[in-house]
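Report on one structure; see the data block that follows.
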Number of protein chains: 2
Amino acid sequence: MSDSTIYEVARLAGVSIATVSRALRGTGPVSAATREKVRRAVEELRFTPSRLGVSLAEGRHAANGIVFPDLSGPYFGEVLLGYEEVAADLGRSVLILSTRDRAGVPETVKDLATRVDGLVVFGQTLPDALLTELADSGLPMVMLARDAHPGTEAVRSENAGAAEALTVHLIAHGHRTFALAGGHDEGDVSQRWTAVARTLGHHGITAPRPVECPYTVDGGYEAGLGLLKSGPDVVVCADDQVALGVILAAEELGLRVPDDVAVTGWDDIMAARHSRPALTTVRQPLRELGAAAARLLDELIAGAEPSDTTRVLATDLVIRSSCGAHQVHPPEEP
Amino acid sequence: MSDSTIYEVARLAGVSIATVSRALRGTGPVSAATREKVRRAVEELRFTPSRLGVSLAEGRHAANGIVFPDLSGPYFGEVLLGYEEVAADLGRSVLILSTRDRAGVPETVKDLATRVDGLVVFGQTLPDALLTELADSGLPMVMLARDAHPGTEAVRSENAGAAEALTVHLIAHGHRTFALAGGHDEGDVSQRWTAVARTLGHHGITAPRPVECPYTVDGGYEAGLGLLKSGPDVVVCADDQVALGVILAAEELGLRVPDDVAVTGWDDIMAARHSRPALTTVRQPLRELGAAAARLLDELIAGAEPSDTTRVLATDLVIRSSCGAHQVHPPEEP
DNA sequence: GCGGGCAGTGGAAGCGCTTACAGCCCAGAG
DNA sequence: CTCTGGGCTGTAAGCGCTTCCACTGCCCGC
């Protein structure tokens, strides 16, 4: 953008740059005649103030960043959507960074940090030491899908209650041998596994160890091929993608879902509703998660003290057919 | 980030800011001893150069932007993923902007334009007049999922050939009465409809007018309820989400897919593969689309002249079961 | 023994803007 | 008629960095 500068506008309008600035931002008094001259000059030159100059002088970026591990799958897109929407309404641009397995993440994140007024960080995307360093530097930060790190705020959705409700429901279906697919010791997911295990314990059932796998359809498929050999009544999966993969694995092994084995997911992504069989899952308010993070971050930037506190959004258990065939379901309204 | 500045580093190291800058960037000669002093000062102060200062002095942002209509659904997330990955590897941050139906889009986009070295713009997200204005200002731009606008480059995936192949396939299935769901006069989609109509014409079939609807499951459902009344053999949909909605509508009306009516989508999103019945669709290389855009944009920023040319990526016709039940499909490997 | 060249360094001029401060002019008050 | 206080405007000091240019020694070759 080889744009014109405020100096050229000032010259063309026959005033000083200070006056141009005041006229454009509406700070300080400017006579109607001058304002009009400036307006015309701006129009003729197609002048747009350089964001760099403004930010440097104002000492703020009017932008904030969001860091996630990966953008694949529907999960992050939805959260990001809610986030961007609110951030935009608050007059802030949003910078994204996906870390994937890339090297040099700390440097990249620090670079990002110098471009924004605040940062939202997903789950265990970054090592705690780095989070501490960033928080200590005074950068406003909001954690997403995990509990708060010292010096930050956090938003996540409810895990334990939904996990318990899901487990109780599965037990009511008569399922007794459980398998868990997609274990990491990540914040969100480990909270679910803990609640599942506790609930099973209450019913005298020993919880199995979760089988690690990537949170993808392929990951679920691979894990499923292994898991299903032991003939569990139900496979509880860390998310919907894993569940869809497990269902594929079951088909591959000649097992019918849910007659031979039940499968459940988590998130309620679009495919969950349309899959065969339709997936029993837990719906997270993904957009609201992103929106809440944006609002919290804005408060921090405005000067609020980080409370080291976690905001928890409600989830819904969504019963469809993958957890047990004896349920009758009228077609869902879209 | 209440960070320290290059002045404090210089003072602590006992050198000038020019030397600090040279030491840090590796431009110009700096003695080993000095370099070490600077290194220590930087470490002690946890100094990170202010991106604002650097950018203002360098005259570049090392960032580029991407504008899309909406982030919902799997489509944009995938493209964005491919885009971000390449941009990051090229050392550029990425700013996103989703326009939705928001007011003040031109201002927001112009603001974005002052924050980046170049811009990727999706489909018909922005009015042509605005595109022209931006291009004229010298901003490097790449159009995505549409043909090039003067002064830009463009990337999209192949439409006409796939649409023809799909239509031929459907005719081979014995389908004769067609319905088209999800019409807009958007670049990508209208190319598909044109090709479908032409192909039908070759076979002596008159193409129906596409029924407009939002590109969502709900949009497809609503459109489907209307469309299916006339009893078409097949409903060709503008994308997979619309197709999934039409399938729901068919179920609602007591029609079996594909026995009573065939349905096809476009994009090959995850849900297409897992839906019941699995969706016949056209796979677009979504990530590669984003990646190609990022690379093209980088070339423009590096100084290449915009060619007003459109790069076209290949698509694949993916035959599953929603287009006709007589096909036998072994379970897909993930 | 002396000039040229170069490694190493500092001074200072921007980059494009905001804003504190000061100055000017004029109307209305005394 | 002078004084005072706004309203309006300009000057200039940053904001944090990069980099051109000038300068100082010092080593080498003649």
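Everything numeric here is computed off the predicted structure, so don't read it as measured data. In what follows, chains carry the letters A, B, and so on, assigned in the order in which the sequence lines appear, proteins first and then strands, with residues in each chain numbered from 1.
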task: Pick base, sugar-phosphate or nothing for Thr34(A), based on heavy-atom distances below 4.0 Å to the nucleic acid.
output: sugar-phosphate
- request: Could you tell me which non-hydrogen atom of Ile6(B) sits nearest to which non-hydrogen atom of Ile17(B), and how far apart they are?
  value: CD1-O, 3.7 Å
- prompt: Has the side chain of Tyr7(A) got a donor or acceptor that lies under 3.5 Å from a partner of the other kind on the base of dC17(C)?
  reply: yes
- prompt: Quick one: side-chain contact (heavy atoms from CB on, under 4.5 Å) partners of Arg51(A), sequence neighbours excluded?
  reply: Val54(A), Ser55(A), Glu58(A), Ala62(A), Asp111(B), Thr114(B), Arg115(B)
Ser31(B) side-chain proximity, nearest of dC17(C), dG8(C), dG16(C): dG8(C)
task: Please examine the side chains of Arg287(A) and Val79(A), heavy atoms only from C-beta on, and report whether any two atoms are closer than 4.5 Å.
output: no
message: Using a heavy-atom cut-off of 4.0 Å across all strands, would you classify Pro29(A) as base, sugar-phosphate, or nothing?
response: base
statement: Under a 4.0 Å heavy-atom cutoff, the residues of residues 16-28 of chain A touching DNA chain C are Ile17(A), Ala18(A), Ser21(A), Arg22(A), Arg25(A)
- prompt: Between Glu36(B) and Arg40(B), is the closest basic N to carboxylate O distance under 4.0 Å?
  reply: yes
statement: Residues at least two apart in sequence or cross-chain that pass salt bridge (Lys or Arg N to Asp or Glu O under 4.0 Å) with Glu305(A), listed by chain then number, are none
task: With sequence neighbours excluded, tell me which residues meet ring-ring contact (aromatic ring centres under 6.0 Å, His included) with Phe47(B).
output: none
- prompt: For the pair made of NE2 in His61(B) and P in dT18(D), what is the distance, rounded to whole Å?
  reply: 16 Å
query: Between atom CD1 in Ile6(B) and atom C1' in dC15(D), what is the gap in whole Å?
result: 14 Å
task: Return the value, rounded to whole Å, for the distance between atom CZ of Arg51(B) and atom P of dC15(C).
output: 19 Å
statement: Rounded to whole Å, NZ of Lys37(B) lies from C1' of dG8(C) at a distance of 11 Å
field: Contact check, side chains of Tyr215(B) and Val189(B), non-hydrogen atoms, under 4.5 Å
entry: yes
task: Would you mind reading off the distance between Leu52(B) atom CG and dC15(C) atom C1', rounded to a whole angstrom?
output: 11 Å
message: Counting only heavy atoms not in Arg46(A) (residues, nucleotides, ligands), do more than 12 fall under 6.0 Å from its CZ?
response: no
Show me, pair by pair, the donor-acceptor contacts under 3.5 angstrom made by side chains of residues 290-301 of chain A, not counting sequence neighbours?
unit_1: Arg295(A); atom_1: NH2; unit_2: Glu288(A); atom_2: OE2; d: 2.8
unit_1: Asp298(A); atom_1: OD1; unit_2: Arg92(A); atom_2: NE; d: 3.2

For nucleotides 22-27 of chain D, print each protein N/O atom paired with a nucleotide N/O atom at under 3.5 Å, atom names and distance only.
none

task: Starting from P on dG8(C), measure out to CD on Glu36(B) and report it in whole angstrom.
output: 15 Å
message: Rounded to whole Å, please give me the gap between CD in Glu58(B) and C1' in dC17(D).
response: 9 Å
task: Check the distance between dG16(D)'s P and Arg115(A)'s CZ and give it to me in whole angstrom.
output: 17 Å
